[in-house]
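First comes the structure, then the notes that go with it.
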Amino acid sequence: MALSSSSSKSSLAMIMKVAALVALVLVATEVDGQSCNRHLSGLNVCGEFVVPGADKTNPSAECCSALEAVPSECLCNTMRIASRLPTRCSIPTLSCS
C-alpha cells in the first residue's frame, strides 16, 4: 500500500520525534551508576516493528533477544523519563490508548 505525500511526511515527522526522544532518554538513563545506553541502543533492531504503519507486526528473534537483554530497571526508568518529557518541554501530555 503506497503512502500519500502528507502521510509520508507525517510518518517521517513521527519517526524524527521518536528518534529525538530515544536520544534524550539514552543520554539521561542510568541504572546503578551503569549506563543503559548499550542495552537500549541494541533495541534499534526492533525499529521496523514499532514504527506507525509498519508492515511487520511480529518482532524478529533478534529484536526479542535485544529486548530480553535490557535490564527491567533500565526499561522502567526509560519509560518514566519518556513520560515526563512532554510536560518538561511544555507540550501537551501524550494520551495513548
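These numbers come from a predicted model, not from an experiment. FYI, side chains are in, hydrogens and waters are out, and symmetry mates aren't considered; it's all heavy atoms of this structure. Residue numbers start at 1 and run along the sequence shown.
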TODO: Locate the shortest heavy-atom distance separating Leu43 from Leu75; write the atom from each residue and the value.
DONE: CD1-CD2, 4.3 Å

Task: Closest non-hydrogen atom pair between Pro86 and Thr93, with its separation - done: CB-CA, 4.1 Å

Open item on the list: Using modelled atom types and a 3.5 Å cut-off, is there a donor and acceptor pairing between side-chain atoms of His39 and backbone atoms of Ala69?
Closed with: yes

Open item on the list: Is it the case that the side chain of Asn77 and the backbone of Cys74 share a donor-acceptor pair, with hydrogens and angles ignored and the cut-off at 3.5 Å?
Closed with: no

TODO: Report the residues that fulfil disulfide (SG to SG under 2.5 Å) with Cys64, sequence neighbours left out, ordered by chain and then residue number.
DONE: none

Task: side-chain hydrogen bond (donor to acceptor under 3.5 Å, both in side chains) partners of Arg84, counting only residues at least two apart - done: none

Task: Set of residues satisfying side-chain hydrogen bond (donor to acceptor under 3.5 Å, both in side chains) with respect to Glu48, sequence neighbours excluded - done: Lys56

TODO: Output all residues satisfying side chain to side chain contact (heavy atoms under 4.5 Å, CB included) with Ser60, sequence neighbours left out; order by chain, then residue number.
DONE: Phe49, Glu62, Cys63

Open item on the list: Under 4.5 Å between side-chain heavy atoms, counting indirect links through other Ile/Leu/Val/Met/Phe/Trp/Tyr residues: same cluster for Leu40 and Leu67 or not?
Closed with: yes

Task: Distance, nearest 0.5 Å, that separates CZ of Arg80 from CD of Glu73 - done: 5.0 Å

Open item on the list: I need the Cys36 SG to Ile81 CD1 distance, nearest 0.5 Å.
Closed with: 8.0 Å

